[in-house]
2 protein chains.
Amino acid sequence: MARRTGATSERIVGAAVRLFAAKGFDATTVQEVVDAASVTKGALYHYFGSKDDLLFEIYRSLIGRQMADLDRIVAAGHDAATTVRHILVSLVETTAESVDETAVFVREMHRLDADRMASFRAERRRYHETFRAVVEQAQEAGEFSSAVPADTAVLIALGVVNQLPTWYRPDGPKSPSRLGEEIADFILAGLRPERPDVRA
Amino acid sequence: MARRTGATSERIVGAAVRLFAAKGFDATTVQEVVDAASVTKGALYHYFGSKDDLLFEIYRSLIGRQMADLDRIVAAGHDAATTVRHILVSLVETTAESVDETAVFVREMHRLDADRMASFRAERRRYHETFRAVVEQAQEAGEFSSAVPADTAVLIALGVVNQLPTWYRPDGPKSPSRLGEEIADFILAGLRPERPDVRA
DNA sequence: CCTCAGGTACCGACCGGTCGGTATGCTCAT
DNA sequence: ATGAGCATACCGACCGGTCGGTACCTGAGG
């Protein structure tokens with residue numbers, strides 16, 4: 001039947017993600033990847049220049065999706081609380097459906113060479129700054145409490161999500177959206193302005 | 001396995017931690033470790049049975065310290081909010097002063113063999129359960145909000161700390177205790193009993 | 001219709017280098 | 001002299017990457 005272009009390279013990436021997540025990048029041999037993908041080394045090196053390229057490809061697609069989600073949500077122009085909620089739920093959802101990618105990403109990003117590390121840092125910084133700007137503006141407008149610096153709040157929120165692969169189980173009792181809501185609740189509680197009649 | 005702790009074996013572990021944190025466990029050769037520690041392979045294999053033993057030694061000492069702190073704090077028998085605050089500040093402090101150990105730990109724990117993985121999971125579970133029990137009892141007593149499950153709250157709190165090595169810089173503007181306080185503030189805000197009519 | 005040139009996708013045996021681990025022996029302190 | 005504490009030389013397995021080759025498709029020329 002008409003095989004779609006990229007079917008093979010996608011099988012390779014898929015196998016690589018699974019193995020890297022389970023055993024780590026260095027502990028996984030190229031041979032294991034091609035065996036799991038039912039191809040040979042020739043095929044892998046036909047599509048990818050190196051084992052590192054394979055790793056980078058995994059990051060690229062994950063970061064790309066997350067950045068697109070973030071931009072879309074912020075552009076929607078809701079109020080700060082709603083925006084933060086949407087960001088977190090969306091982030092938890094994509095993280096949950098890409099646990100392996102995220103686990104690999106969190107554990108092995110330090111393996112990137114200088115160039116790629118720089119481009120990765122730039123992307124992450126942009127994500128961080130965009131998120132922080134939302135929180136900061138809401139703090140200035142009095143919509144959020146300023147008790148905790150915007151920076152710290154964002155660091156906490158993103159830290160939680162990055163750590164998610166270590167404990168999230170797809171067959172657990174909570175759906176990703178439910179989890180996202182819970183986490184959003186928690187973060188928003190920390191940002192809720194104290195009301196005049198509330199004693200500290 | 002490590003025998004008596006002497007100056008040499010400590011130098012070896014110290015060098016290993018630094019290198020593992022900087023380059024990753026697999027990417028670091030034992031030759032690099034012994035060079036950095038100014039000893040030879042003979043010395044390393046005199047004290048440690050394998051490269052993996054070295055890794056495990058790093059975990060053991062870190063987990064040991066953290067469990068001891070936790071037990072001490074809980075045993076002090078303060079009220080829930082104070083206990084949670086102490087736990088988090090103490091955890092952030094030891095994590096900050098052992099950033100390398102924590103980074104290695106978070107990134108490479110999956111490399112443990114079955115036995116050690118089991119013993120590690122047991123320790124972590126005990127930490128988690130102890131922490132959760134504090135939160136849960138306070139929720140039942142009405143001291144904390146039950147809006148978010150105790151489980152999730154603990155997962156968030158520990159997630160933040162585990163992620164800390166990726167962004168914490170010892171030469172940054174905030175001291176570890178200050179950071180610990182900020183994080184504790186944030187977590188406690190999420191656990192503060194809600195007032196009527198609050199809407200997200 | 002057939003042929004052949006050229007391009008893409010893939011195969012798999014092989015290589016150079018590396019790395020964890022070991023064998024052996026020396027040197028002190030006890 | 002005996003064992004702890006190390007040094008040095010070395011090994012065998014393994015791994016990322018290569019490279020000559022194959023199979024198939026496409027399309028132009030005959």
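Each chain gets a letter, A, B and so on, in the order the sequences are listed, and its residues count up from 1.
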Give the rounded distance in Å between these two atoms: [atom1] of [X] and [atom2] of [N].
| X | N | atom1 | atom2 | value |
| --- | --- | --- | --- | --- |
| I12(B) | dG21(C) | CD1 | P | 14 Å |
| L44(A) | dC19(D) | CG | P | 16 Å |
| D26(A) | dT18(C) | CG | C1' | 13 Å |
| L54(B) | dC19(C) | CG | P | 16 Å |
| R11(A) | dA9(C) | CZ | P | 14 Å |
| F48(A) | dG16(D) | CZ | C1' | 16 Å |
| K41(B) | dC6(D) | NZ | C1' | 15 Å |
| Q31(B) | dT22(C) | CD | C1' | 14 Å |

Answer with base, sugar-phosphate or nothing: what part of the nucleic acid does T40(B) contact at a heavy-atom distance below 4.0 Å?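 Base contact - T40(B) has a heavy atom under 4.0 Å of at least one base atom.
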
Tell me whether the OP1 or OP2 atom of [N] has a side-chain N or O from [X] closer than 4.0 Å.
| X | N | result |
| --- | --- | --- |
| K51(B) | dG20(C) | yes |
| H46(B) | dC6(D) | no |
| T29(B) | dT18(C) | no |

Could you pick out which residue, A43(A) or G42(B), lies toward the 5' side of DNA chain C when each is mapped onto its nearest nucleotide? A43(A)

Presence of salt bridge, E181(B) and R178(B), under 4.0 angstrom: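 Judged by the 4.0 Å cut-off on N to carboxylate O distance, R178(B) and E181(B) do not form a salt bridge.
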
Take the angle between the ring planes of F25(B) and F20(B) and call it parallel below 30°, perpendicular above 60°, tilted in between.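 Aromatic pair F25(B)/F20(B) classed perpendicular.
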
Distance-minimising heavy-atom pair for E143(B) and A80(B): OE2-N, 3.4 Å

Check: T28(B)/K51(B) side-chain N/O donor and acceptor closer than 3.5 Å: no

Which comes earlier along DNA chain D counting from the 5' end, the contact point of S38(B) or that of D52(A), where each point is its nearest nucleotide?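 This one resolves to S38(B).
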
Given dG21(C), dG16(D), dG5(D), the nucleotide with the shortest approach to the side chain of S50(B):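 Among the listed nucleotides, the one closest to the side chain of S50(B) is dG21(C).
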
Chi angles and distances behind the side-chain hydrogen bond (donor to acceptor under 3.5 Å, both in side chains) call for E182(A), T152(B): CA-CA 8 Å; E182(A) 280 184 9; T152(B) 306; 2.7 Å; yes

